[in-house]
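All remarks here apply to the structure that follows.
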Number of protein chains: 2
Amino acid sequence: MSAILDTAGLKNVKTLKIIQDEVASTQRIALSVDCVIFGFDENKLKVLLIRSDLKKYNGRWSLLGDLIDGNEDLDEAAYRILKQRTGLKDVYLEQVQTFGAVNRHPAGRVVTIAYCSLINIQHHKLRIFDNELHWHDVNNVTDLAFDHQKIFETCYQRLQKRIQEHPLGFNLLPKKFSLRELQNLYEAILGTKMDRRNFRKKFFAMDFLIDLDEIEQDVPHRPGKLYKFNYDKYEKKKKKWSGIDF
Amino acid sequence: MSAILDTAGLKNVKTLKIIQDEVASTQRIALSVDCVIFGFDENKLKVLLIRSDLKKYNGRWSLLGDLIDGNEDLDEAAYRILKQRTGLKDVYLEQVQTFGAVNRHPAGRVVTIAYCSLINIQHHKLRIFDNELHWHDVNNVTDLAFDHQKIFETCYQRLQKRIQEHPLGFNLLPKKFSLRELQNLYEAILGTKMDRRNFRKKFFAMDFLIDLDEIEQDVPHRPGKLYKFNYDKYEKKKKKWSGIDF
DNA sequence: AAAGCAATGTGTAAATTTTACACAAATTAG
DNA sequence: CTAATTTGTGTAAAATTTACACATTGCTTT
């Protein structure tokens, strides 16, 4: 036990009221959530964008976002926005980073919390035309409104890293998928080509894929076997350390 | 170019004024920064805590934090807090995660952005007694005020991961350090024991350590050689992908 | 000054992991 | 039935990781 812990008196004790006054006297900062929603279609990684509703950014694309309500949790807000704007629910969502440059928003001080979302485009048919939503190839995203370009790039980089260390990618695929689809996904996200045999070996060695004893339908060539990811087994066995390497 | 991009008209166009009104009409949410400040001393990883200034948390320890001013960037706010409360500047700072559970703060809705900071305790002598600051062994941190326990644990886990993939650890060491000090640091942060020869081999193989041709002083045994980290070389050569592995 | 102590500094062999690479089998399309 | 396309599989070489022991250095004690 430290000397300080034992002997120090309490200075600067504040009542709740004083803190409440401090909180109330700070300059107003609005909080928003912006969602970078990724999908995978036709072997391309896509991101869902919406036309900016702000005249200043006339016609430019932007992320889906909204102001946070005073009595909802951050994750709740992100789910709400996703649900309201796309009709989607039960999707993968993860907080990535908070962006708060003073002049990032033309309407005043708005700090935004960026979320990354992964959805399966086939499963979730969304009302794109109602909302001026559009799936963009991630390699063709430029000049977004606000600071959304930077937010997008941050989230994309985070995805590239996370997908190598965690089983996120399956959120972008159908529940049943072939190894070729899985490899296409990784290649699309990472922007690389991989050796097919080594890729398969790696995933089989992890031993988290359940062989469904089914094969692909309606493919114009030899159909591949279908698998699903064994989340339960993963949760029990996932590794702790990757080892020092930089 | 997509059909949507070409043909869709612009609906829901808003003027700046409308957005400003929306921003102004949201419920007030205060923003704060909380810093998890790590130091390394006597072969232990330490975290800097302060007595909660709130009566409700009478005597409990908490992270260093403060409300964000309306016209400062987030990183700026974190630097300011660090400087104001500890006298420290030019330290490593990284945003980690934002915490915003509705009832996390007793004084109302306060969303906080957690930062992780790494400082060298020897270089930066801080005015601990003036401020009721205390360095706690990270293995002995319990029952912090607010949701600071969770924030601390999140930041500690992030540090454990990041230190294996990026050369952050050197911020916790003197500019000149021995390999034993470096290994002690990694062992303290990760809570593991490592093989000395393999540890040295690994770092020499990275080839980012500059041999200073100096040796430790005032050690009661054979002194080790001193090194510094070659940031320039690292910046040029750092790797992109770690490979799929989970 | 000598002996003892405590930590540094070093190499190699075995095990594991990663990489590169080619051909036969299944299915559809024509 | 043939051609075209994609699936599915194994092995050898290379690279990396792991386990492990002893001589050297400098300080401390006697």
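Given the structure is predicted, the values throughout are model-derived calculations rather than measurements. Naming convention: chains lettered A, B, ... in sequence-line order (proteins, then strands); numbering from 1 in each chain.
Scored by the side-chain hydrogen bond (donor to acceptor under 3.5 Å, both in side chains) test, B/Gln97 finds no partners at all (sequence neighbours excluded). When the side-chain contact (heavy atoms from CB on, under 4.5 Å) test is applied to B/Asn198, the partners found at least two apart in sequence or on another chain are B/Asp195, B/Lys201. Residues that satisfy the salt bridge (Lys or Arg N to Asp or Glu O under 4.0 Å) test with B/Lys150, not counting sequence neighbours, are absent from this structure.
Under a 4.0 Å N-O distance rule, the pair A/Lys225/A/Asp211 qualifies as a salt bridge.
Here the P atom of nucleotide D/dT17 and the CZ atom of B/Phe203 are 13 Å apart, to the nearest Å. Rounded to whole Å, the distance from CD on A/Glu214 to C1' on C/dT27 is 18 Å. Rounding to whole angstrom units, CD of residue A/Gln217 and P of C/dT27 are separated by 11 Å. Put simply, CD1 on A/Ile215 is 8 Å from P on C/dT28, counting in whole angstrom units. Separating the CD atom of A/Gln183 from the C1' atom of D/dT7 is a distance of 12 Å, rounded to the nearest angstrom. Between the C1' atom of C/dT17 and the CE atom of A/Met206 lies a distance of 13 Å, rounded to the nearest Å. Atom-to-atom, CG of A/Leu209 to P of D/dG8 comes out at 12 Å; the value is rounded to the nearest Å. The NZ-P distance, from B/Lys193 to D/dA19, rounds to 16 Å in whole Å.
Applying the salt bridge (Lys or Arg N to Asp or Glu O under 4.0 Å) test to pairs two or more places apart or on separate chains, those with a residue in residues 154-164 of chain B are A/Glu165-B/Lys161, B/Glu94-B/Arg162, B/Lys161-B/Glu165.
Of the two residues contacting DNA chain D, namely B/Lys202 and A/Leu226, the nearest-nucleotide position lying further toward the 5' end is that of A/Leu226.
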Completion exercise
Its contact letters, B for base, S for sugar-phosphate only and - for none at protein heavy atoms under 4.0 Å, make nucleotides 3-13 of chain C read ----SBBBBB-
Can you list, pair by pair, the side-chain donor-acceptor contacts under 3.5 Å of residues 169-176 of chain B, counting residues two or more places apart and other chains?
unit_1	atom_1	unit_2	atom_2	d
B/Asn171	ND2	B/Leu168	O	2.9
B/Lys176	NZ	B/Glu214	OE1	3.1
B/Lys176	NZ	B/Glu214	OE2	2.9

